[in-house]
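Letters go in sequence order (proteins before strands), and every chain restarts at 1.
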Number of protein chains: 2
Amino acid sequence: MNLKDLKYIITVAETRHFGKAAARCFVSQPTLSGQIKKLEQQLGITLFERTNRSVEVTAIGEQIIQLARQAIDQTEAIEQLALAHQDPLAGPLRIGAIPTLSPYLMPLILMPLRRRHPQLKLVLSEEMTDTLLARLHNHEIDAALLATPVDEDGLESVTLFNEPFWLAHPRQHWFYNRETISRDDLDNTDMLLLSEGHCLAKQAMDICHLSERQQQGDMADLRASSLETLLQLVGAGFGSTLVPALALRGSWTTDSGVIARKLELDDAYRQVSIVFRQTFPRQKALQAFAQVIMDNLPNTVQAVKN
Amino acid sequence: MNLKDLKYIITVAETRHFGKAAARCFVSQPTLSGQIKKLEQQLGITLFERTNRSVEVTAIGEQIIQLARQAIDQTEAIEQLALAHQDPLAGPLRIGAIPTLSPYLMPLILMPLRRRHPQLKLVLSEEMTDTLLARLHNHEIDAALLATPVDEDGLESVTLFNEPFWLAHPRQHWFYNRETISRDDLDNTDMLLLSEGHCLAKQAMDICHLSERQQQGDMADLRASSLETLLQLVGAGFGSTLVPALALRGSWTTDSGVIARKLELDDAYRQVSIVFRQTFPRQKALQAFAQVIMDNLPNTVQAVKN
DNA sequence: CTTAAGCGATAGACAATACCTATTATAAAT
DNA sequence: ATTTATAATAGGTATTGTCTATCGCTTAAG
């Protein structure tokens, strides 16, 4: 059986005329006759009762043609669906981002994205780097926004921007009187960190020259599960911390006893990149998404030219 | 697009493995790969995201494969339906019969038919010869049981049996004392007839040598619309009539003042035949139906050997 | 009564394409 | 480093869908 054959019998049933049906199917009449004969033999039944003068559909033919119509409808639905999704921007894009980035970046780009690519729908998830990479491999998400370099098999990574770390310290802290903060200053203060698994925790440790062991001994009980909590702790005077620039766009500096200051250190930034499977077929959609991000960054962070 | 292609992508979606899918489809792996590539190009979308190590279905692929499954289901339903009807006896057979035959013949054969061919369902209709022939041409019925020879284009006719005409007369009639009834006797009595259109009316007139005109003058007001009515009239003494043998199988002789007697005339019978379109594809079913009729006739009528 | 026109079926040649074998390229496992 | 497993590619073969030309038949017209 064949989809063309089904179209043929449907058309014959409609026209009750082999010649006209053939013309409507853009084939010759012998072709149509032959294909229908073949189909009838394959099915073992007669679909049309024909004389030189008339063509009538048999009872069983009526039933079969009804089913054939449904089958053709399904295939046309397939073509419609495919056509609607030929635009790689169309349809949902499943994006995961790390928790120290997502709540600060997404508000910046969602509106511009909708304006620029209204047909592109996002499905967002917020998880830590390892989980995101696993979900990427499992095809559960299409891309991940990470702040750590990735070099895994089958994954590709495009850097979007460099996000500086700022120092957040309590107002009462002796930092308050310093003109600039040096790395030595950072080494000699109480640094609060995010709980384990957050890449930001490890990066902060690297910059402040803290070792894992040191950390465990000192303030394991003061690791926070979110940046918001962390800043609350800073405001309460428990210590200082490094904060990615985008996270400071809120009202932290003004009210709640937290002072945020730029760091004049070469390596006090993180590289935010979008990571996806090399085989992902809708990379154009990711490209568009990335472009919207880079076009809508505040001037505290600098987009990377690729 | 092609039904085979749809089967291919369904199988790949199930196995997530081109080689295994190819084996299950009984084709080589390159064939499967090529066909799927072709389909993806035709649809303009990627159905599977594949590496050397894994095959995963894309989001749009999932949707399309779901539709493909439905389409394949429809075609399998077509094959099932065709298979179920490959037995030409299967499915309903639309039979029309004339009113002077149907109510007397059908009770004789319905039970034997069900015993012999339980899968053969009858759809009966009861109309006069002309109507039946028209419906036959219109494909509204598949065969007609008639008592008149038919020689129309595209129709074929098989004689089933010869049904003798019996004479039905009132008990008080002078026929009652006669040993045998001759044709002259018939000419000289009041013959009651069925209303126009019934072939039995014309046949009775032929046998009794009545002309149309004669009939109109005499007893146009006494034509009956059914055999039952006609016999009621006979019982009431309004005249005599010719009755086909099968119609006398009831209890007419015993009670209601009607005497039925065989006629010893060469031409006092009618030929009952089954008529159908030459192109009708289920002639085997008609053959079976006809055989059941001939096997279950009472000994008052004689089957015709073909 | 002959001729012409319309219709579906048939025959044979051709061309598109589905299919196969053999091979390549690449990644994972030993 | 070698082997194994996988999908992709290349090139040749075979199937089969399609075409043109024609037949056989029926109906309509001259």
Side-chain angles (χ1 to χ4, degrees), chain A residues 1-43 46-58 61 137 139 151-156 277-281, chain B residues 1-43 46-58 61 137 139 151-156 277-281:
Chain A
M1 198 179 341
N2 209 324
L3 285 175
K4 269 188 186 170
D5 298 342
L6 297 186
K7 279 184 188 146
Y8 292 161
I9 64 175
I10 289 170
T11 314
V12 169
E14 281 170 2
T15 60
R16 293 184 143 71
H17 191 289
F18 275 63
K20 286 172 190 165
R24 201 188 285 184
C25 293
F26 305 107
V27 294
S28 69
Q29 171 264 316
T31 297
L32 189 100
S33 288
Q35 291 301 96
I36 287 181
K37 184 179 179 183
K38 180 208 67 179
L39 181 61
E40 284 181 328
Q41 283 175 351
Q42 283 175 354
L43 293 179
T46 305
L47 298 172
F48 302 105
E49 209 181 313
R50 37 221 197 255
T51 67
N52 280 351
R53 234 42 217 170
S54 70
V55 175
E56 289 294 329
V57 188
T58 62
H137 281 298
H139 293 244
D151 184 24
E152 289 195 35
D153 277 339
L155 295 188
E156 204 170 319
R277 296 182 299 277
Q278 287 168 344
T279 53
F280 182 62
Chain B
M1 200 181 336
N2 208 326
L3 285 175
K4 269 187 187 172
D5 299 342
L6 298 186
K7 280 185 187 145
Y8 291 162
I9 64 174
I10 290 170
T11 313
V12 170
E14 282 170 1
T15 60
R16 294 186 142 74
H17 192 290
F18 275 62
K20 286 172 190 165
R24 202 189 285 184
C25 293
F26 305 107
V27 295
S28 69
Q29 171 265 316
T31 296
L32 189 98
S33 287
Q35 291 302 98
I36 287 181
K37 185 179 180 183
K38 181 210 65 182
L39 181 62
E40 285 182 328
Q41 283 174 353
Q42 284 175 353
L43 293 179
T46 304
L47 298 172
F48 302 105
E49 208 182 312
R50 36 216 196 261
T51 68
N52 280 351
R53 232 48 213 170
S54 70
V55 175
E56 289 295 327
V57 188
T58 63
H137 281 297
H139 293 243
D151 186 22
E152 289 195 36
D153 277 339
L155 295 188
E156 202 170 321
R277 296 181 299 278
Q278 285 169 345
T279 54
F280 182 62

When you measure from the side-chain N and O atoms of [X] to the phosphate of [N], is any distance below 4.0 Å, counting only OP1 and OP2?
{"X": "A/His17", "N": "C/dG6", "result": "no"}
{"X": "A/Gln35", "N": "D/dG17", "result": "yes"}
{"X": "B/Lys20", "N": "D/dT6", "result": "no"}
{"X": "B/Ser33", "N": "D/dA7", "result": "no"}
{"X": "A/Thr31", "N": "D/dC19", "result": "yes"}
{"X": "A/Lys37", "N": "C/dA9", "result": "no"}
{"X": "B/Lys38", "N": "C/dT17", "result": "no"}

Without swapping roles, check the side chain of [X] against the backbone of [Y] for a donor-acceptor pair under 3.5 Å.
{"X": "B/Glu40", "Y": "B/Leu47", "value": "yes"}
{"X": "B/Thr51", "Y": "B/Arg53", "value": "yes"}
{"X": "B/Thr31", "Y": "B/Val27", "value": "no"}
{"X": "A/Thr46", "Y": "A/Phe48", "value": "no"}

With a non-hydrogen cut-off below 4.0 angstrom, is [X] in contact with a base, only sugar-phosphate, or nothing?
{"X": "B/Arg50", "value": "sugar-phosphate"}
{"X": "B/Thr51", "value": "sugar-phosphate"}
{"X": "A/Tyr8", "value": "sugar-phosphate"}
{"X": "B/Asn2", "value": "nothing"}

Open item on the list: Please report the interatomic distance CG(B/Leu155) to NE2(B/His137), rounded to the nearest 0.5 Å.
Closed with: 4.0 Å
Task: Residue whose closest nucleotide on DNA chain D lies nearer the 5' end, B/Asp153 versus A/Val27 - done: A/Val27
Task: Atom pair distance, as rounded to whole Å: CZ in A/Arg16 and C1' in C/dG6 - done: 19 Å
Consider the side chain of [X], meaning its heavy atoms from C-beta on, and name the nucleotide among [options] that approaches it most closely.
{"X": "B/Val55", "options": "D/dG17, D/dA7, C/dG8", "answer": "D/dA7"}
{"X": "B/Pro30", "options": "C/dA18, D/dT20, C/dT21", "answer": "C/dT21"}
{"X": "B/Lys4", "options": "D/dT6, C/dC20, C/dC19", "answer": "C/dC19"}
{"X": "A/Arg53", "options": "C/dA27, D/dT26, C/dC19", "answer": "D/dT26"}

TODO: Look at the side chain of B/Asn52 and the base of C/dT26, then say whether one donor and one acceptor between them are separated by less than 3.5 Å.
DONE: yes
